[in-house]
Structure formats: structure tokens, C-alpha cells
Amino acid sequence: MPLPDYHMHTPLCRHAVGEPVDYARRAVEIGLTEIGFSDHSPMRQDNFDNWRMRFDQLDEYVGKVRRAQKDFPQLQIRLALEVDYFPNGEDWIRELAARQPWDYFIGSVHYVSDSWAIDDPQKAVEWKNRDAFEVWQIYFERLTMAAESKLFEIIGHMDLPKKFGHKPGQNCAPLYEKFLDAAKKNNCAIELNTAGLRKECREIYPAGEILQLAFQKKVPITFGSDAHAPGEVGMNFAEAISLARSVGYQEGCRFAQRQRELFKF
Ligand SMILES: [Zn+2]
Ligand SMILES: [Zn+2]
């Protein structure tokens with residue numbers, strides 16, 4: 001069975017190309033049977049940053065996904081969001097959740113403060129002023145809170161701070177374990193996100209040794225290309241399957257109306 005690709009974007013986020021129908025067409029072309037759109041969610045303030053849809057575009061987003069569902073009835077298309085987690089930002093996420101019959105929310109931490117998104121290429125220079133271990137600690141503290149919030153079915157790109165190739169010298173295993181314990185306890189899946197292979201780190205998120213810990217703790221997984229262009233749909237999924245199998249996984253999960261179902265691969 002082909003894997004569902006649960007992480008893809010649309011031009012509404014201002015840094016992706018191709019409409020949902022184009023991603024769906026590509027998915028059918030490469031033999032996928034299920035995909036999910038998870039564009040960057042709006043913030044309460046539209047001017048918070050410049051890489052997400054505005055709040056007044058949320059209905060347009062849903063309309064574009066519905067259009068793809070109509071045009072490609074042979075493909076299961078899920079309606080979702082990649083939502084930025086902020087401590088104290090939980091009310092806003094609940095408001096978003098209540099607005100549409102979402103299939104799932106991917107909770108992601110991009111920001112380790114209100115002004116710095118660690119994966120933003122335009123702000124990558126900030127890494128020079130920071131101690132990598134300190135960034136890892138803040139990031140994983142937030143990621144653990146995201147899992148504990150119970151607002152998300154899936155946590156996105158678990159080891160995102162490695163994106164530009166930074167790695168602390170310290171042992172980070174306790175940070176990973178604390179997060180994974182929270183994910184397991186709160187019924188949260190993590191994604192195998194192949195976009196890391198296209199970044200400086202040249203590695204799937206999360207790294208093999210982290211995925212091994214996740215398997216030991218029985219944390220469920222999903223698969224996502226994090227496509228920002230139709231040609232990236234399902235990209236490097238063969239590598240993702242072999243990584244998952246190499247640590248012991250034989251099952252992934254899918255979501256409809258925020259309910260989880262397992263599938264074998
Ligand atoms: Zn993006
Ligand atoms: Zn992301």
C-alpha cells in the first residue's frame with residue numbers, strides 16, 4: 001500500500017507554488033491513494049510574519065482543498081493545518097480547531113521566541129549568536145508542551161533545529177526522551193518528514209537514533225514530504241519507509257475527523 005503524504009502546502013502561505021489540484025494530480029501520477037493538506041495556519045495577528053495565510057484566507061484555503069477533493073475523487077484528500085505552537089497560544093488553536101471539520105492538526109514549533117523562527121533562512125544568521133544546546137533545550141521544552149496540550153494529532157519535523165546543520169556537542173537524548181514520553185502519553189504521533197533530505201542537514205526528520213527511541217516507546221508515526229511544490233509530493237518516501245522499517249516500525253497512522261487508524265506498510 002502506498003503511504004499517505006500528510007504534509008503539504010499551498011501558495012496561500014506565500015512560499016509555496018502550485019494549487020491543491022496540482023498537488024493532487026501529482027499524487028495520482030505517482031500512485032498515492034491518500035494525501036493531506038497542512039498549510040501554515042494563520043496567527044491571531046496577520047502581520048505576525050510573512051510565511052502563512054491571513055486569517056481571512058482560511059475559507060479560501062478550505063475551498064481549494066474541497067475543489068481538489070471534487071476533481072480527484074479517486075484520491076483520499078484530508079483537510080488539515082500545520083499549526084505553530086506557542087506557550088500561551090493555546091486558545092487561538094482551539095478557536096481554529098472549532099472553525100472547520102479538520103481531519104488532523106500537525107503541531108510544529110518553529111519559534112523559540114516571538115521573533116525567531118529557527119528554520120527561517122532569512123534569520124539563519126541568528127544561529128551565530130546562539131548556543132546550539134540552549135536552542136535545543138528551548139525548542140524541545142516547547143515541543144513537549146505542544147504534545148501535552150492535546151491539541152495535535154501529529155507533531156511536525158521533530159528535530160527541526162538540525163535544519164542548517166547545527167548540532168550541540170552535549171547529549172540531547174534526555175530532551176528527546178522527555179518529549180517522546182509526552183507524545184506517547186498524550187496520543188500524539190510524530191511524522192517522518194522527508195524535507196530534511198532537501199536541506200543542509202541532508203537527513204530525514206527525525207534522525208534514525210531518535211526514531212529508534214520513538215519505536216521503543218511505541219510512539220505512532222505518519223509520513224510527510226512537507227511539499228512546497230507539486231513535484232515534491234511523496235518525495236523520498238522509499239527512504240522514509242526503509243528508515244522506519246530499520247528501527248522496527250511496520251505500521252503508520254492516518255486520520256479522518258481527528259480519529260486515528262493504523263495501516264501496515
Ligand atoms: Zn513552509
Ligand atoms: Zn514546519
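Numbering of ligands and ligand atoms starts at 1, following listing order. All heavy atoms count here, side chains included; hydrogens, waters and symmetry mates do not.
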If you count heavy atoms of other groups shown closer than 6.0 angstrom to CZ of R67, is the number above 12?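 Not buried by this count: 12 neighbours or fewer within 6.0 Å.
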Can you give the angle E82 OE2 - the Zn ion (ligand 2) - H110 NE2, rounded to 10°? 100°
Tell me the angle that NE2 of H15 and NE2 of H40 form around the Zn ion (ligand 1), rounded to 10°.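 Between NE2 of H15 and NE2 of H40, at the Zn ion (ligand 1), the angle is about 100°.
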Does a side-chain N-to-carboxylate-O contact under 4.0 Å join K162 and D159?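 Yes, K162 and D159 are salt-bridged.
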Counting C-beta onward and ignoring hydrogens, is there a side-chain heavy-atom pair between I93 and F86 closer than 4.5 Å?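 They are not in contact (no side-chain heavy atoms under 4.5 Å apart), so the answer is no.
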Looking at the Zn ion (ligand 1), is there an N, O or S atom belonging to H228 that lies under 2.8 Å away from it? yes
Quick check: does H7 put an N/O/S atom under 2.8 Å from the Zn ion (ligand 2)? no
Main-chain N/O of W51 paired with R14 side-chain donor or acceptor, under 3.5 Å: no
